[in-house]
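We use all heavy atoms of the structure for the numbers below, so side chains are in, but hydrogens, waters and symmetry mates are not. Numbers restart at 1 for each chain; the letters A, B, ... are given by sequence-line order, proteins then strands.
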Protein chains: 4
Amino acid sequence: MVNPSRWEARKEQILKAAERIFARKGFPEATISDVAKEAGVSDATIYEYFSSKEELLFSIPGETTRKGKEMLEFHLNYVRGAANKLRSIIYHYLWFYQNHPDYASVAMLILKQNRKFLETEAYQVVREGSRIILRVVEEGIASGEFRQDVNPYLVRSVILGTIEHMVIRWLLHGSPKDLLWAVDPLTDLVIQGIRKASPPPGWNLRISLEPDVCPGGDATDASALAVESNPQHRSSSGEGS
Amino acid sequence: MVNPSRWEARKEQILKAAERIFARKGFPEATISDVAKEAGVSDATIYEYFSSKEELLFSIPGETTRKGKEMLEFHLNYVRGAANKLRSIIYHYLWFYQNHPDYASVAMLILKQNRKFLETEAYQVVREGSRIILRVVEEGIASGEFRQDVNPYLVRSVILGTIEHMVIRWLLHGSPKDLLWAVDPLTDLVIQGIRKASPPPGWNLRISLEPDVCPGGDATDASALAVESNPQHRSSSGEGS
Amino acid sequence: MVNPSRWEARKEQILKAAERIFARKGFPEATISDVAKEAGVSDATIYEYFSSKEELLFSIPGETTRKGKEMLEFHLNYVRGAANKLRSIIYHYLWFYQNHPDYASVAMLILKQNRKFLETEAYQVVREGSRIILRVVEEGIASGEFRQDVNPYLVRSVILGTIEHMVIRWLLHGSPKDLLWAVDPLTDLVIQGIRKASPPPGWNLRISLEPDVCPGGDATDASALAVESNPQHRSSSGEGS
Amino acid sequence: MVNPSRWEARKEQILKAAERIFARKGFPEATISDVAKEAGVSDATIYEYFSSKEELLFSIPGETTRKGKEMLEFHLNYVRGAANKLRSIIYHYLWFYQNHPDYASVAMLILKQNRKFLETEAYQVVREGSRIILRVVEEGIASGEFRQDVNPYLVRSVILGTIEHMVIRWLLHGSPKDLLWAVDPLTDLVIQGIRKASPPPGWNLRISLEPDVCPGGDATDASALAVESNPQHRSSSGEGS
DNA sequence: CATGAATGAGTGTTCATTCAT
DNA sequence: TATGAATGAACACTCATTCAT
């Protein structure tokens, strides 16, 4: 390995080819020859970089996951409040999968159900990533944003489970076209489901105004505010089956 | 097929063997020989009942799913109210997977990500099953239990996604031991997330005021309307990174 | 295996083909395809009968060796006297190799130097075969035909080593054409080398010459030579197992 | 080849590495990489010195054999008498293999049965070495030490065959620990087997002729002693199976 | 009906060898 | 001279599938 950067580049080239091929054909159906052809190298060359077909598969997450986790943590620093952070997390995952469909395929359709992958180092990074959700939920409980009795593990399962379910549908059925439509509805459902059910400050005020506003008035403004703290909007591009 | 009942029994015997083997070893790793041995028949005999290894796999859900769906629908008749029905559904799925781990393995780890399975007749039954959730949610919206703006497809994704996420964790990690602990927390989270915002303590007070404030007005309707008149459509292209 | 005799026949057919191919091309150069073609079956069929290329190789001696050993023991019953028996043994080996050149090739050029073969059950039969020589030599010592100081293990090494050396030369160089020419010379050399030195007819004549030779004081030299030509010193580190 | 001596040193270094590796793993199992690693050079470098893996193998005997042959011939000049020379030869081979086990492995287990090696120049040196035996036997016949009817080729086969048989046993089984124990027994067996059948010393003596024949001579006693002092104890702990 | 026996088709993997640098 | 990098060419082995009995 005289030239490490060249070596890394080649490795990346092979990994990208593998990601594409595995995403397209599935792992058992894809052959090393397919990957080699896609990468523009020989079969044997692949074995210079990866010791087996399976190791090649397990190497795909590697950097991607690490960078993703770092990026997410970086963004979260910009955001205040557990609820807002949950939205960032949901956005992050959906945006990422949307923009890396091949990676999504490999992760959701191949790796997720692979028992051996669980013993992989790469999987540890995935776990760490998913621990962020736990942390944020706990933070929200501590700050009083969320109820004391909320189970962070359940929340994580709800968030990741829903995302994964939608990503898989998107991959297999192609619907919805745009995964990001779900960011707000999902965020809202979850937040609503776990937040401290005391009315947010300001509610009472507005409500007390209503009598004045209602009759013939424009409720829009008032509820607009309410809506902002309480949005359950259904996108016109709903998740049709 | 000299003796139809005997034939069916044999078929079931092979299917059960396949379920066990596929669950244990995964589909590509499992061989027809494995299944044949487990079923106590010869390799060739399997081909008397199923035309290919893949057809054998796709035949596993068949009855199970149909019966499951029927049972679920039967139970739902006992239950009044969309929220209660959602709980029944969640209970049903978790209970079923908990008590049929091999089937859970095949369904969650093998079939769910199989593109070809989507074109299968058996898959149609699965879809029908999942449509029950849509129906119940719509029922809840119509009855006023759930908010008007709730997206039934999202709710379905949340419920099925969470369940599947938990089942997969259970299959791969063995935790939690008892899936059913999640029934109520999950139900509550979802219901809370979608139900018409019944007032937290203190609300009723204000509500009681409304008639005075909005004479002749229907508070419920009003707020429902307010919400409905406040659609916040999100442009799908508005969420740039 | 419904029909064992058919199964055995097939197995034998493959073994014979393997013997021919391995003899002709050597083990590493021979491919399973070669063997399959020679046997008139498919590659896969070979694996129905033998679990690996190596097991196929190690199965070649099997019957042959067992039958050979039995035949040899049968013949030995016809022969009286250890010396005569040794001749029978030498004849047996040379005759056998001469008439089974492919087997000779496999045994001498492939198996003999294979460390793994030593752990094989088939090899045990070979060992038992070679023990016959030990037995006969011991018998000859006990009966007084051979000297007391003869080391049976050395004799065995001489007999088998010479035979193998000649067979290998015969296989590789093609000379001599007829291995059997060596039966009597080798037998005589060995017998002469180990027998109790009873004088052959005519000896005494030559002995009468000695007096003439002695004067002049060469007797010492002569006996020195005699001594040197007859040392049976036991090294403290004998060829113990 | 800028620096010839450096070049030769490198070549020797590679050859020694190859000898070790081939001896340890066998030829087909050993890889060029193994040899390169052992030699501390790169794979490609080996091809600077040897054109192929096989040429590398065939180059191993080269010097060793030539030097061995020279040494043997040198020693033989010190020895008088064909019988004594045969002992020297036997000693030489056994001593050499004993002290060069890796070379012994390569020669006995790999090269000896290689058809292509026979066409090699290196093999010619081996042949020349083995011709020494022929020469000595012929010399012994001519001098009257050995019988007229002795076949030198047979004797060579006996000597080399026995040695090789024992060396192979030693390599594969590890017994006997010390090959050299066999030098004298083997020499004696062979000499006894081919020498002119002069009565063993002491025979005629006892026949009572001698006193008259060698008056005042000590020859009688001496040779008698020689004979009597030649007890042929057979170790009870011979070459265990 | 059931199956023992046979196989065609396919693939991951290895390694001796080459060559630009 | 030395080698890192690349690869062409093979090959053992597997397994879903077929079919005569």
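- Counting only distance, with no hydrogens or angles, the side chain of Glu29(A) and the backbone of Phe22(A) share no donor-acceptor pair below 3.5 Å.
- If you run side-chain contact (heavy atoms from CB on, under 4.5 Å) between Tyr49(A) and each of Lys11(A), Gln13(A), Glu12(A), only Lys11(A) comes through.
- Formation of a donor-acceptor pair under 3.5 Å by the Thr120(A) side chain with backbone atoms of Tyr123(A) is not found in this model.
- Glu119(B) CD to Glu121(B) CD: the interatomic distance, rounded to the nearest 0.5 Å, is 13.5 Å.
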Worksheet item: Once Watson-Crick and G-U wobble pairs under 3.5 Å are found, how is DNA chain E written in dot-bracket notation, 5' to 3', with | for any base paired to another strand?
Response: .||||||||||||||||||||

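- At a threshold of 4.0 Å, the pair Lys16(D)-Glu19(D) counts as salt-bridged, since one of the basic side-chain nitrogens sits closer than that to a carboxylate oxygen.
- DNA chain F is contacted by Arg10(A) of residues 8-25 of chain A, taking any non-hydrogen atom closer than 4.0 Å.
- Nucleotide dA6(E) holds its C1' atom 14 Å from the CH2 atom of Trp7(C), rounded to whole Å.
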Practice prompt. Go along nucleotides 8-15 of chain E 5' to 3' and tag each nucleotide: B for a protein heavy atom under 4.0 Å from its base, S when only backbone or sugar atoms are that close, - otherwise.
Written response: B--SSBBB

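- Using a 4.0 Å heavy-atom distance criterion, Tyr49(C) is classed as a sugar-phosphate-only contact.
- Checked by atom type and distance alone, the side chain of Glu38(D) never pairs as donor or acceptor with a backbone atom of Ile14(D) at under 3.5 Å.
- Atom pair Ile46(C):CD1 and dT7(E):P shows a separation of 10 Å (rounding to whole Å applied).
- In this structure, CZ of Arg6(A) is placed 14 Å from P of dA20(E), rounded to the nearest angstrom.
- A salt bridge links Arg66(B) and Glu63(B); the closest N-O separation between the charged side-chain nitrogens and carboxylate oxygens is under 4.0 Å.
- With respect to Ser51(B), the side chain to side chain donor-acceptor pair (under 3.5 Å) criterion is satisfied by exactly one of Glu48(B), Glu55(B), Lys53(B), Glu54(B): Glu55(B).
- One interatomic measurement links the two molecules: NZ of Lys37(B) to C1' of dC15(F), which rounds to 13 Å at whole-angstrom precision.
- In this entry the distance linking CG of Asp34(C) with C1' of dA12(F) reads 13 Å, nearest Å.
- Below 30°, between 30° and 60°, or above 60°: for Tyr97(D) and Tyr103(D) the angle between ring planes is below 30°, a parallel geometry.
- Taking both residues in full, the closest heavy atoms of Ser52(A) and Tyr47(A) are given as CA-CE2, 3.9 Å, listed atom of the first, atom of the second, then distance.
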Item to complete: Walk me through it: do Asp102(D) and Ser105(D) pass the test side-chain hydrogen bond (donor to acceptor under 3.5 Å, both in side chains)?
Response: CA-CA 5 Å; Asp102(D) 285 339; Ser105(D) 260; 5.6 Å; no

